[in-house]
Amino acid sequence: MPSELSAYVSDPTPGRGALRPARSWLHSDAPSLSLNGAWRFRLSPTASVAQDFAAEEFDDHGWESIPVPSHWVLEGDGAHGRPIYTNIQFPFPIDPPHVPDENPTGDYRRHFAVPADWSDAERIVLRFDGVESLFRVWVNGVDIGSAAGSRLAHEFDITPAVRPGDNVIAVRVHQWSAASYVEDQDQWWLPGIFRDVTLTARPAGGIEDVWLRTGFHDGRGRVEAEITAEGSAFPVTLRIPELGVEQVWETAADVTPVDAGEVEPWSAERPRLYDATVSTAAESIALRVGFRTVEIRGDRFLVNGRRVVFHGVNRHEAHPVRGRVFDEEHAREDLARMKRFNVNAIRTSHYPPHPRLLDLADELGFWVVLECDLETHGFEKLGWVGNPSDDPAWREAYLDRIRRTVERDKNHPSIVIWSLGNESGTGSNLAAMSAWVHARDAERPVHYEGDYTGEYTDVYSRMYASAAETERIGTAGTDTPLLNCTPAQSARQRAKPFLLCEYAHAMGNGPGALDQYEALVHEHPRLHGGFVWEWRDHGILTTAPDGSAYHAYGGDFGEVVHDGNFVMDGMLLSDDVPTPSLYEYKAVVQPVRFVFDGDKVAVTNLRHSADTSDLRFRWRVEHDGTPVDAGDLEVPVVAAGESGWVSLPPVPVAPEGETWLTIDAVLATAAPWAPQGHVVATVQSDRSPHIPVPAVRHRTGWRPDAGTLTLGAAEFVDGCLVNLAGRAVTGPRLELFRAPTDNDESPSDGVEESDASVPGVSNAELWRRDGLDRLTARRVSVERPHDRTDALRTLDKVSAANSALFVMVESVWSLEAGELELRVEIEPSRGWSTVWPRIGIRFDLPDGGAPVDGAEWFGLGPSESYPDSLRAARTGRFSSGIDDLSVDYARPQETGHRSGLRRLTLTSTGTEVFRLEALPDTHGRRPGFTLSRHTPQELARAGHPYELPASTTSRLTIDAAQHGLGSRSCGPDVWPEFALRPEARTIRLRITAG
Ligand code: IPT
């Protein structure tokens with residue numbers, strides 16, 4: 001590679017020729033021209049191809065066409081290389097600032113016409129909103145400049161190179177560059193011009209930049225304007241028509257703060273915006289201002305004087321087809337969905353999103369932590385040796401990145417914190433970024449998680465701290481040292497507001513224990529909530545060998561190094577389907593809470609500042625899940641932070657069976673993000689009388705006896721169930737295995753080791769070691785009572801190859817008051833040392849002519865639930881087809897468990913097959929059920945949904961217990977309280993034919 005080229009590609013400084021200072025992304029009436037659309041495109045395997053294509057005259061007829069914006073690896077069905085997914089790893093040798101000669105390089109060309117009336121323009125500016133990673137641009141053969149900073153905007157003055165009429169632009173983009181070392185975020189590497197390219201005609205006397213800093217104090221709004229314009233552009237006028245503001249500034253020196261009078265403040269809950277314009281004779285800029293004041297007072301983070309609690313998510317730009325290419329409609333729907341699930345905050349992990357996203361955040365209402373495009377995580381394995389964050393050669397690049405970040409988005413009221421980046425170690429360049437932000441924007445605090453000791457940031461932040469650690473951080477009067485901190489540094493950090501910039505890793509089935517974090521926030525005001533990792537899976541829609549469509553993850557494109565399905569860790573599946581974790585999250589963080597006391601309920605409004613006037617309260621009473629009465633609950637308006645007691649309606653109680661009272665807080669009128677009647681918060685109260693559980697009938701005189709037998713709906717041959725309700729059936733067999741979740745598969749890091757973890761080893765590994773996935777049974781005995789009439793007892797010893805551990809399973813089938821009862825006693829031997837995934841029994845129901853394909857149940861639902869994820873589940877009657885009982889996690893794993901089962905009816909094409917009543921055990925514990933087309937073993941073997949074998953059998957598992965979910969794929973394990981230790985359990989079912 002020629003050395004000049006190598007020097008260019010491996011230059012840590014941020015390019016040449018781009019306009020500085022960076023400006024806001026403004027809505028101006030100055031003429032502009034989008035250069036989005038079809039461009040000519042050529043991909044080369046190295047950076048060292050001839051540059052002749054940059055000339056004005058060049059024959060590009062043989063080139064392909066590619067859309068701008070796009071990522072070339074997602075265009076052309078694999079003809080342009082393929083996406084690469086890595087989390088921390090660099091997909092090239094760690095040889096900073098150099099990158100390999102194999103450096104996919106995309107050349108782009110297109111013609112554009114400069115309108116004749118642009119001749120009055122003082123300057124013509126070319127803007128790139130996002131190009132990954134390093135690019136260089138020519139206009140009509142004239143070298144304009146180069147830039148790096150993939151998710152940042154770069155503008156160039158191209159006035160000397162353009163002419164009215166036809167022009168040619170040429171852009172060369174390299175996938176790898178020095179910048180790749182500081183863009184090592186956990187995501188797909190997706191090269192190309194992936195955001196808008198725009199040409200603007202800058203008028204003489206126009207406004208270069210504007211910043212309307214707003215404040216809200218004592219009911220009044222204030223605007224402090226910063227206008228960047230030539231002296232000759234003045235006078236400049238600020239208008240906020242709705243407030244009657246019309247302020248004319250004759251000269252730059254006149255620009256003084258404006259009292260906007262009485263205003264409604266902006267908050268994430270009531271995102272009140274006022275249309276404003278800032279104009280000169282030549283140009284008018286439209287802005288939407290929101291009045292709010294951000295401040296830190298002691299260890300509190302306040303907006304408009306009130307503490308903020310972040311119920312946030314980390315949001316990447318990810319789309320299964322477009323990658324990081326922005327689609328406004330999709331983004332708006334995504335944000336509206338966040339609102340519907342009670343999400344109130346976004347961290348823009350780990351780079352500025354498309355600028356338009358912040359307009360949407362202002363409008364729909366979110367607290368935003370706006371993060372700079374920076375991550376050098378791959379240096380961690382080198383002990384951070386060579387990390388750019390502490391290398392003066394990179395200082396300018398770091399400063400350029402933060403300036404572009406803050407300048408572009410500074411006008412947005414939704415942005416309340418600036419974040420320097422993610423996982424970049426620590427060092428002087430980060431401190432320099434922070435100093436720059438403090439000088440530029442004294443109001444908004446600076447965040448960076450990697451500043452563990454708090455040398456240069458304003459809030460204390462951690463990721464994946466356990467609930468116990470979080471509590472230690474929040475507890476007043478504690479002086480336990482914090483992670484990586486001396487006592488003095490701990491004291492410094494404890495003096496600041498705390499947030500979890502990432503927590504509750506939502507990979508696969510999980511996380512559990514969301515509620516533990518939420519509870520802490522309300523006990524310890526220093527804790528300001530956090531941001532779940534993460535909002536959505538990043539799967540890329542592609543085609544399986546069998547022709548079916550699926551969402552690909554790391555390794556699916558043949559990458560040399562990759563991180564598998566670690567990119568599938570969202571609360572939303574790649575195709576926008578909310579996972580049960582999102583419902584759980586919604587329930588856990590709901591802004592209205594209820595506490596029952598007899599015939600009264602306390603309604604507490606936990607919002608930041610909005611009262612409950614937008615809500616209506618509805619109640620309903622159900623008897624065994626069947627509605628019997630409903631109405632509106634009159635709740636006086638409750639101010640934020642307040643509670644009010646309300647009398648409940650008289651609740652008709654069912655003499656036998658269960659009575660549940662449910663209250664929903666719903667939107668009284670439609671919001672921009674949800675229809676009228678949308679449920680914001682829910683609570684249930686159990687009003688059932690005590691219902692005695694029928695005692696186990698004691699039988700004696702058992703003696704060996706095989707042969708055939710019919711008991712109610714069940715037929716047996718030699719003690720084996722062969723037919724149930726007229727259908728062939730096998731089982732029940734003991735099932736201790738579940739298809740390991742991503743959390744189950746994750747080795748423990750031994751930090752804050754929980755009850756369930758062995759350092760360095762995953763639970764799934766322990767389960768396979770113990771053979772839980774390959775249990776075999778030996779029938780010890782088959783017996784009937786002396787009179788041979790109405791009961792059958794079998795005893796099985798269940799164990800795995802090469803193991804002496806075992807479980808005894810005693811099953812008693814009997815007729816009780818004419819009903820078939822099955823009681824299973826599960827008794828572990830001594831010596832089981834790990835947690836168990838489940839304690840259940842499985843019935844296999846072959847399809848025959850008509851598969852068992854549906855379930856109706858009274859119990860917890862409608863979604864799956866696990867011991868540490870039960871808050872979204874409510875008691876009621878639900879029904880579902882078999883396929884909808886499972887969640888299509890990107891990597892098949894345990895799914896579909898419904899807890900707290902009372903009654904279950906299995907159906908086949910709408911017809912009842914059999915009914916099953918689950919009796920609580922002597923501790924009052926009820927089993928759960930799973931109905932699936934696959935066994936746990938089949939699920940565990942598949943890497944993707946398309947790898948699951950065709951099914952000819954439905955599987956019903958009744959679990960006395962399941963292990964919790966935890967968050968161990970990146971974070972704490974299952975809390976001891978929800979970890980399933982081997983233990984004796986009883987399952988009792990009453991079964992009747994449909
Ligand atoms: C953390 C990263 O900040 C985030 O980008 C993502 O990779 C997440 O982990 C896991 O999905 S860093 C980790 C070392 C805690």
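First listed ligand is number 1; within each ligand, the first listed atom is number 1. Please read these numbers as outputs of a predicted model, since none were measured by experiment. In what follows, every heavy atom counts, from backbone to side chain, and hydrogens, waters and symmetry copies are set aside.
At a 4.0 Å heavy-atom cut-off, ligand 1 does not touch Asn314 at all. Contacts of His377 with ligand 1, taken as heavy-atom pairs under 4.0 Å, involve the side chain alone.
Aromatic rings of Phe90 and Phe379 (six-membered ring for Trp) have centroids within the 6.0 Å cut-off, being under it. Note: Phe310 and His528 fail the aromatic proximity criterion, with ring centroids not under 6.0 Å apart.
Using a cut-off of 4.0 Å between Lys/Arg side-chain N and Asp/Glu carboxylate O, Glu371 and Arg315 are scored as not salt-bridged.
Near His505, meaning under 4.0 Å from any of its heavy atoms, are these atoms of ligand 1: 10 (C), 11 (O). Residue Met463 has at least one heavy-atom neighbour below 4.0 Å for each of these atoms of ligand 1: 1 (C), 3 (O), 12 (S), 15 (C). Ligand-side atoms of ligand 1 in range of Asn422: 2 (C), 3 (O), 5 (O), range being under 4.0 angstrom from any heavy atom. Residue contact check: Asp569 has heavy atoms under 4.0 Å from atoms 11 (O) of ligand 1. Within ligand 1, the atoms closer than 4.0 Å to a non-hydrogen atom of Tyr464 are 1 (C), 8 (C), 9 (O), 10 (C), 15 (C), numbered from 1 in the order shown.
The option with the heavy atom closest to atom 13 (C) of ligand 1, from among Glu423, Glu380, Glu375, is Glu423. The heavy atom nearest to atom 3 (O) of ligand 1, out of those in His316, Glu502, Arg462, is found in Glu502.
Among the candidates Gln185, His354, His350, the single residue satisfying the side-chain contact (heavy atoms from CB on, under 4.5 Å) test with Arg151 is Gln185. No option in Arg324, Glu375, Glu317 other than Arg324 meets the side-chain contact (heavy atoms from CB on, under 4.5 Å) test with Gln187. Between Tyr517 and the choices Tyr503, Trp975, Phe531, Tyr585, the ring-ring contact (aromatic ring centres under 6.0 Å, His included) rule is met once, by Tyr503.
Closest non-hydrogen pair, Thr376 versus Ser389, comes out as OG1-OG, 3.9 Å.
Contact check for Asp537 versus Leu572: no side-chain heavy atoms found under the 4.5 Å cut-off.
The nearest heavy-atom contact from the protein to atom 5 (O) of ligand 1 is His350 NE2, 2.6 Å. Regarding atom 6 (C) of ligand 1, its nearest protein heavy-atom neighbour is Asp186 OD2, 3.2 Å.
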